[in-house]
Amino acid sequence: MNRRMLLCAVLATASISALAQNPFLQKRYGTPYEIPPFEKFTMDNYREGMLVGMDEERKEILAIINNTDEPTFENVIVALDKAGETLSRTRSVWSTLNSSNSTPEFQALAQEMSPLSSELSNFISMNSDLFAKIKYVYDNQAKYNLNAEQKSLLKKTYDRYVNGGALLSQAQKDEVAKINLELSNLQLQFSQNLLHDTNNTYVIAESLKELEGLPQANIDQAAELAEKIGQKGKYAFNMQRPSCNPVLQYCKNRELRKKVYLMYNDRCNHGDQYDNKAIAAEIIRLRARKAQIMGYTDYAASQLGTKMAENAANVYNLLDQVWTPAVAKAQEEIADIKAMMKADKVKGQPQRWDYMYYLDKAKKAKFNVDEAEISEYLEINAVQQGIFYVANKLYGLSFNERTEDYPQYEATAKSWDVIDKDGNVIAIFYSDYFPRDGKGAGAWCGGFRGQTYDGAQRVQPIVTNVCNMTLPSADKPALQTLDNVETMFHEFGHALHSFFRNVKYSGTSGTERDFVELPSQINEHWAFEPEVLKVYAKHYKTGETIPDELIEKIQASSKYGQGFATTELVAAALVDMDLHTLANVPEDLDVMKFQTEVMNQRGIPAQILPRYSVTNFSHSIGGGYAAGYYSYIWSEVLDCDAFQAFVETGDIFNQEVAERFRKYVLTPGGIDSGSKMYQNFRGRQPEIKGLLENRGL
C-alpha cells in the first residue's frame, strides 16, 4: 500500500462525527483572537488535522494544475501561497508544542508524519505541470502590473521551485525525492536523540562536599532533580544549561566540572542507541549529493546564493577576519586562567572544564565583580518588565497580561496582548522561560500563528519566546545570570520582528537567514544600558535599585571573556561551513574526528571547543542553519553598525531612528532583500569595525 492509499485508509477509519469535532477542522476556534484552545486538543486531533490538511493541500494543488484558464498571478501564485491552510494551522501548533512540551506520543506522531510530509512536499515542489504554470507567470510578469510585494512573491516562488528541483530530469527528481525523504527521517531522529541526551542524561554528585562553591539555589535544584529521578539524598545535573553551567562556572570540584563538561559536549556521542555520529555523517553525505544533482559544487553553494553572503568565499572572509583577533584575545584569557590556577596551587595546563571556572575568578579579580551578587538584581519577571520598557521607549508598545483568561499550553508560560501606540492589539505574546522535561535545549522564538491577512484585515500573529532560564529555588525567586538576561533580550528582538511584520502573503514573510538575526541581536544592546538597568534591576529582597557601582562593574567587565565566547562561536560556524563545502564526502566520514582535525588546522586553543559538537549541533545538522551558522556573526556586523545609528544621535532611544528601523527592517518581512532593507535604514552598507569594538577584539 503506497502512502497515498495509507492516508486515505487512515482517514476512512476516523468517524465523521469525530472529524467534525476536531478544532483544527473548524472555520473558527471561537477563542479570543482565535488563539488555539490547547486544552481541547488530543493526539488524534493533531493526527487527523495533518492528514486532512495534507489531503486538502494536494487537492488545492491539483486544482491549480487542472485549471484550464490562462495562468495568472492570482490563479497560480496567490492560489499556491494560500494552499494548505488546514495543514499549516495544525502543524504550527503541533510543531511548537513538540519542541517545547514533547512527549513520546508527540515524537511517535512526528515519525509517522515525516514520510507523509516529505512525499507531499516532493509532489508539490517537483511537479512539472505546476512549475510550467509558475514559469509562464514568471516569464510574462510584465503584463500583470505587480506591486513590489507581488514581484517579490513571484520571484521567491519561482526560485524556490528551481532550487527544489523543478528543472531536473525525472530520474533526477526521483533521486532528490528519495534524498528528501531520507533527510527528513534522519534529521528527526537526530533531534529526538538530542532531546533525550539533553534532558535524560545526568551527572550525579554523592554528597554536598562535592559542590563547594556552587550557589545554594543550584544546590537545591540539583537535590530536587536527584529526588525526581530516584536518587534522593544525592545531587543530579542534566544537560540543560541552567543545570550544568553553574557547575562549570562556580564549582571548585575539578573532577565534577570535568564530568559535567564532557557529558554536555559529548551529547549523542556515547556509542549507544542515541549516538548521532553516523546519522550526522549520512546527513552531510545526502546534502552534498543533493546539491550535486542540482548542479552545485557543494551543499553550501546551494544555500548561499539566496543569502546576503552570496557565496562561501564571503562567509570565510568574514569568519577569518574575526577568528584571528578572537583567538589572540582567548590566549590572553588563558594566561589569566593559568595565573589563577597557579594561585590555587593547581598543577598542569588549563583544561576545557577549567575555562569558565577560572575565567570567572579572573574576572572577579580584575573587575571586583561577582555575578552571583549581580544576579540578585536580575529576577526574571523584573527583567521581562525591562524588556517591555525598552520596547515601549523605542516603539511605543505596551503589554497587557492575559494569562488568566487566554488559553494556556503550559502552566509556567504567560500570555500578553501586544498593544501598539495607536491602541490596537497587533500581536499575542507567550513568554515561556523555564526548563522542563520535554523541552528542547537552548532558546528560540516561534509561534502558533504567523502574521497573515483575512481579506483586508490584518490577522495578529501569536508569538512565543521559549527559553531555559534559571528556575526559582526553595528560598529565592528565579534569579538570572547576565548571559540569561542577554538571551531574553535577544529572543524578544525576534518577537518584535514578528509583532511588526506586515505582509499580505505568507511567501513574503521570511528574510534571508543571515539577516534574520539583526532584529534579535540589536535588541541585546539595550539590556545593560544604565538607564535600562535602573528600570528593571531591583534587589529581590529589598527592592533596591542596582547601585551605580555595580553598573560600572558590569560595563567595565562586559568585554571580558569575549575571546572564549567569540572563538567557540566562530569555531562552530567554521565546522558547519567546512562540512557543507565538502564536494566529496568520504564514505567513512567520522564527524567528530573531522571536527577535531579542522579545528587543529586553524589553531584553536586546546582549552576551547566549538560551541556545539557535531553530534549535538542542532542548528546545523538538525535543520535550519545548515551552512548558515555564520549568520550570527554576519548579523552582528549589521546589529553593531545599526546600534551606532542610535548612539550617533546621542540618544539610544531616538524615536526617529527607531521608527526608521521599524519601517525598513521590522515591518517589510522579505519583500526586500536584506541588503536593500539595511541600505534603506542606514543609508549605507554596514562596516565590521563596530563588531570588533563591541566584542573587545
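Owing to the predicted nature of the structure, the values given are computational and were not obtained by experimental measurement.
- Salt-bridge annotation for Arg611 and Asp576: absent, with no side-chain N of the basic residue lying under 4.0 Å from a carboxylate O of the acidic one.
- A side-chain donor-acceptor contact under 3.5 Å links Asn616 to the backbone of Asn265.
- With 3.5 Å as the limit, one finds no donor-acceptor pair spanning the side chains of Ser558 and Gln555.
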Just do the side chain to side chain contact (heavy atoms under 4.5 Å, CB included) check on Ser675 and Glu512 with the steps written out, would you?
-> CA-CA 10 Å; Ser675 293; Glu512 296 107 315; 5.8 Å; no
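- The closest side-chain donor-acceptor pair between His525 and Asp639 falls under 3.5 angstrom.
- Distance alone, capped at 3.5 Å, places no donor-acceptor pair between the Arg449 side chain and the Val463 backbone.
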In sequence, state the C-alpha distance, the side-chain angles, and the governing distance for Lys393 and Glu531, and then conclude on salt bridge (charged side-chain N to carboxylate O under 4.0 Å, His left out).
-> CA-CA 11 Å; Lys393 288 277 286 185; Glu531 176 183 342; 3.6 Å; yes
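- Around atom NZ of Lys676, no more than 12 heavy atoms belonging to other residues, nucleotides or ligands sit under 6.0 Å away.
- Here the side chains of Tyr316 and Asp578 are in contact, with some heavy-atom distance below 4.5 Å.
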Please lay out, stage by stage, how Leu569 and Ile633 fare under the test side chain to side chain contact (heavy atoms under 4.5 Å, CB included).
-> CA-CA 8 Å; Leu569 175 65; Ile633 289 291; 3.6 Å; yes
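- At least one side-chain heavy atom of Tyr612 sits under 4.5 Å from a side-chain heavy atom of Tyr629.
- In this structure a side-chain-to-backbone donor-acceptor pair under 3.5 Å is present from Thr615 to Arg267.
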Go through the steps for Lys439 and Asp432 under the test salt bridge (charged side-chain N to carboxylate O under 4.0 Å, His left out), then give the verdict.
-> CA-CA 10 Å; Lys439 180 186 274 193; Asp432 178 3; 3.1 Å; yes
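- Between Tyr395 atom OH and Asp420 atom CG the span is 12.0 Å, to the nearest 0.5 Å.
- Atom CG of Asn600 sits in a crowded spot, with more than 12 heavy atoms from other residues, nucleotides or ligands closer than 6.0 Å.
- Looking at Glu529, its side chain never comes within 3.5 Å of a backbone N or O of Ala527 through a donor-acceptor pair.
- For Ser375 against Leu479, the heavy-atom pair with the smallest separation is O-CB, 3.4 Å.
- At a threshold of 4.0 Å, the pair Arg695-Glu636 counts as salt-bridged, since one of the basic side-chain nitrogens sits closer than that to a carboxylate oxygen.
- No donor-acceptor pair under 3.5 Å is formed between the side chain of Gln480 and the backbone N or O of Asn484.
- Of the N and O atoms on the side chains of Gln607 and Gln351, not one donor lies less than 3.5 Å from an acceptor on the other residue.
- Between Arg287 and Asp298 there is no salt bridge, since none of the side-chain N atoms of the basic residue sits less than 4.0 Å from a carboxylate O of the acidic one.
- With a 4.5 Å cut-off on side-chain heavy atoms, Tyr264 and Leu248 do not count as touching.
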Yes or no on side chain to side chain contact (heavy atoms under 4.5 Å, CB included) for Leu579 and Gln595, after CA distance, side-chain angles and deciding distance?
-> CA-CA 9 Å; Leu579 282 168; Gln595 173 181 299; over 6 Å; no
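- Side-chain atoms of Glu149 come within 3.5 Å of backbone N or O of Lys504 as a donor-acceptor pair.
- Taking each heavy atom of Met577 and Ala627 in turn, the nearest pair found is SD-O, 4.0 Å.
- Taking the side chain as every heavy atom from C-beta outward, Thr464 and Phe429 never approach each other to under 4.5 Å.
- No option in His497, Glu517, Lys307 other than His497 meets the side chain to side chain contact (heavy atoms under 4.5 Å, CB included) test with Thr511.
- Nearest heavy-atom pair, Asp81 versus Gly507, reported as atom, atom and distance to 0.1 Å: OD1-N, 2.8 Å.
- Under the 3.5 Å distance criterion, the side-chain polar atoms of Thr566 are left unmatched by any main-chain donor or acceptor of Gly563.
- A distance of 9.5 Å separates CG in Asp672 from CZ in Phe515, rounded to the nearest 0.5 Å.
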Should Phe594 and Leu582 be marked as a side chain to side chain contact (heavy atoms under 4.5 Å, CB included) after you check the CA-CA gap, both sets of side-chain angles, and the distance that decides it?
-> CA-CA 11 Å; Phe594 179 90; Leu582 288 172; 4.1 Å; yes
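- We find the OG1-CG distance between Thr581 and Asn311 to be 12.0 Å, quoted to the nearest 0.5 Å.
- Contact of the Pro461 side chain with the Arg501 side chain is not registered, since no non-hydrogen atoms from C-beta on lie closer than 4.5 Å.
- Here the OG1 atom belonging to Thr157 is positioned 11.0 Å from the NZ atom belonging to Lys155, to the nearest 0.5 angstrom.
- With hydrogens and angles disregarded, no donor-acceptor distance shorter than 3.5 Å links the side chain of Asn465 to the backbone of Cys445.
- The CG atom of Leu394 sits 9.5 Å away from atom OH of Tyr389, with the distance rounded to the nearest 0.5 Å.
- The pair Lys361-Glu333 fails the salt-bridge criterion, with no side-chain N (NZ, NE, NH1 or NH2) lying under 4.0 Å from an Asp/Glu carboxylate O.
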Apply salt bridge (charged side-chain N to carboxylate O under 4.0 Å, His left out) to Glu656 and Lys663, showing your working.
-> CA-CA 11 Å; Glu656 182 182 344; Lys663 177 180 179 180; over 6 Å; no
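- Among Val390, Ile387, Leu378, Ile546, the one residue that satisfies the side chain to side chain contact (heavy atoms under 4.5 Å, CB included) test with Tyr536 is Leu378.
- Although no hydrogens or angles enter the test, the distance criterion places a donor-acceptor pair under 3.5 Å between the side chain of Lys553 and the main chain of Asn368.
- Of the possible donor and acceptor atoms, none in the side chain of Asn502 sits under 3.5 Å from a partner among the backbone N and O of Thr667.
- Considering only heavy atoms from C-beta on, Phe528 comes within 4.5 Å of Leu482 through its side chain.
- There is a side-chain donor-acceptor pair under 3.5 Å between Asp641 and Tyr678.
- Side-chain atoms of Ser431 and Gln384 include a donor-acceptor pair closer than 3.5 Å.
- Each of Phe388, Trp416, Tyr430 was evaluated against Phe399; a single residue qualifies, Phe388, per the ring pair (Phe, Tyr, Trp, His ring centres under 6.0 Å) test.
- Taking CG of Asn694 as the start and CD of Glu524 as the end, the distance is 9.0 Å to the nearest 0.5 Å.
- Between Asp370 and Lys363 there is no salt bridge, since no side-chain N of the basic residue sits under 4.0 Å from a carboxylate O of the acidic one.
- By the neighbour-count criterion of 12 heavy atoms within 6.0 Å, atom CD of Gln331 is densely surrounded, having more than that number from other residues, nucleotides or ligands.
- Geometrically, Arg352 does not engage Tyr261 in a cation-pi contact, judged by NZ or CZ lying under 6.0 Å from the ring centre and within 45° of the ring axis.
- The shortest distance between side-chain heavy atoms of Asp514 and Tyr630 falls below 4.5 Å.
- Every residue two or more places apart in sequence or in another chain that forms a side chain to side chain donor-acceptor pair (under 3.5 Å) with Gln150 is listed here: Tyr505.
- The minimum heavy-atom distance between Thr96 and Phe448, with the atom names listed, is CG2-CE2, 3.5 Å.
- Between Leu691 and Trp634, every side-chain heavy-atom pair lies at or beyond the 4.5 Å cut-off.
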